[in-house]
Each structure stands twice: as C-alpha cells, then as structure tokens.
Amino acid sequence: AYPVYIGLRDSGAFAALAAGAQEPRMVIEDGQAQERNVYFASRNLFETLGVPMALGPGFATTNDRPDAPLAAVVSYRYWRRVLDGDPAVIGRAITIANLQATIVGVSSERFRGLNLATAPDLYLPLERVYAPGSRVDSAFSAPVSIFGRLKPGATPASTLAQLNALPAAVRGEDL
C-alpha cells in the first residue's frame, strides 16, 4: 500500500526507495483512443534504478505536488514508434485517461521497465494518484511494488533488523 511505501521511504533504512504500479489507460493518439501500459512511478524511480533519460529532465521534485501540472515520461520505444522519435517532444501535451499531461522526459533506450512482459509505454507520478487530496484517477486500483537500494555497507540482515524495529503500521502489518 502507498502508506507503507511512504513510511519505509521516510524511515531512512535504504539508500534509495522507489515504488510504482502499472495499469492500462486510454491515450489519445492522432485523435484516436489507444490502450497503453501506464506505469505510475514515484518521482525518483529512474534515479533509484540508475536509468538516465534519453531526452529531457524526467520527473522533478515538484511533479508530485497536488497543484502541479501533470507530467509524463514516455518510454523510448513509445517515443520512436508513436511519436516518430521527435526530438522536440519535451513540453508536448498528451492526453492520458482524459487528463492532460506534459511530456518531461523520454526514458533510456535500454530501459524496458521492471516487467518485460508488459513494458510501460508511459510513466506518470505515483504521488499524484495516491497522495491525500491528490487523486487524479479514481479508477486506479493496482497494488504498489516497492523496491530500493541498500545503504553502502548495509547487509540484507542489518536492513531487515532496522525494518523490524519500525512500528507495525510502517511495515504494513496493520493493513
């Protein structure tokens, strides 16, 4: 659950922690609605995984604010196939599930997401879906996957001990 991600992220147990969930959404392309794989990603997803942007800055720390314009990162494959590899795509508007988003990045050509069977076409800020008062898509129902990197010098056992010392609610045991 999203609150568990926030608790673990804020616990300091990891060098970096990211989260995300994927669900199909309708995207307007050349006036036609097409179902695409949309990955709702924490704004630090690409940084946590060490994935550079092929174009643009990607998500900024301000993209998860409830009042911020909706931002989108498109996959390299989607950029080449659907957007014709247009190098001026950054700043272009795209309609996803009746929401206007601005393209802020194109992911690395080598990055195909975390599940190769259903590689995402687009990425939207997870915080804009789950943060209190920020829900932009009431139909969103996918479970959140949480992943991260251990701190330098930490072992899985020492990190697990640190996590076990956290309150049960932070670990998701009360959900």
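Nothing here was measured: the structure is a model prediction, and the numbers come from that model.
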If only atom types and distance count, is the side chain of [X] paired as donor or acceptor with the main-chain N or O of [Y] below 3.5 Å?
X      : Y      : answer
Asn44  : Leu17  : yes
Lys151 : Gly12  : yes
Ser42  : Ala18  : no
Ser158 : Thr155 : yes
Arg25  : Asn37  : no
Trp79  : Asp84  : no

What is the minimum heavy-atom distance between [X] and [Y], and which atoms define it?
X      : Y      : value
Met26  : Ala33  : CE-CB, 3.6 Å
Gly105 : Met53  : CA-SD, 4.0 Å
Ala13  : Thr159 : O-CG2, 3.9 Å
Ala71  : Pro125 : O-CD, 3.2 Å
Pro152 : Ala15  : CD-CB, 4.4 Å
Ala101 : Ala72  : CB-CB, 4.0 Å

Single-linkage hydrophobic cluster, 4.5 Å side-chain cutoff, [X] and [Y] together:
X      : Y      : result
Tyr5   : Phe14  : yes
Val144 : Leu8   : yes
Val104 : Tyr76  : no
Phe147 : Leu163 : no
Ile90  : Ile94  : yes

Apply the test side chain to side chain contact (heavy atoms under 4.5 Å, CB included) to residues Arg112 and Arg77: give CA-CA distance (whole Å), side-chain angles for both, the deciding distance (0.1 Å), then the verdict. CA-CA 8 Å; Arg112 301 257 313 156; Arg77 183 177 53 115; 3.0 Å; yes

Any heavy-atom pair between the side chains of [Y] and [X] that's under 4.5 Å?
X      : Y     : answer
Val82  : Arg36 : yes
Glu29  : Tyr78 : yes
Asp86  : Arg92 : yes
Ser108 : Pro52 : yes
Leu122 : Ile96 : yes

Going from [atom1] on [X] to [atom2] on [Y], what distance comes out if it is rounded to the nearest 0.5 angstrom?
X      : Y      : atom1 : atom2 : answer
Ile6   : Glu127 : CD1   : CD    : 6.5 Å
Thr48  : Arg149 : OG1   : CZ    : 6.0 Å
Gln22  : Asn115 : CD    : CG    : 7.0 Å
Leu124 : Glu23  : CG    : CD    : 11.5 Å
Ile146 : Arg9   : CD1   : CZ    : 10.5 Å
Ile28  : Asn98  : CD1   : CG    : 7.0 Å

Once salt bridge (Lys or Arg N to Asp or Glu O under 4.0 Å) is applied, what residue pairs with a partner in residues 39-57 remain, sequence neighbours excluded? Arg43-Asp64

Steps toward side chain to side chain contact (heavy atoms under 4.5 Å, CB included) verdict (Leu70, Thr102): CA-CA 6 Å; Leu70 188 59; Thr102 301; over 6 Å; no

Kindly indicate, with the supporting measurements, whether the criterion side chain to side chain contact (heavy atoms under 4.5 Å, CB included) is fulfilled by Leu114 and Leu49. CA-CA 10 Å; Leu114 299 171; Leu49 297 175; 3.9 Å; yes

Should Arg80 and Glu109 count as an ion pair when the cut-off is N to O under 4.0 Å?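 Looking at Glu109 together with Arg80, the answer is no, because their closest N to O distance does not fall below 4.0 Å.
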
Evaluate whether atom CG of Asp10 has more than 12 neighbouring non-hydrogen atoms of other residues, nucleotides or ligands under 6.0 angstrom away.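 Yes.
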
Not counting sequence neighbours, which residues clear salt bridge (Lys or Arg N to Asp or Glu O under 4.0 Å) with Arg81? List them please. Asp121

Assess the pair Tyr123 and Phe40: is the distance between their ring centroids shorter than 6.0 Å?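 For Tyr123 and Phe40, the ring centres are not under 6.0 Å apart.
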
Parallel, tilted or perpendicular: ring planes of Phe46 versus Phe59, cut at 30 and 60 degrees: tilted

Begin from the C-alpha positions of Leu83 and Ile103 and carry the test side chain to side chain contact (heavy atoms under 4.5 Å, CB included) through to its verdict. CA-CA 11 Å; Leu83 303 174; Ile103 298 173; 4.0 Å; yes

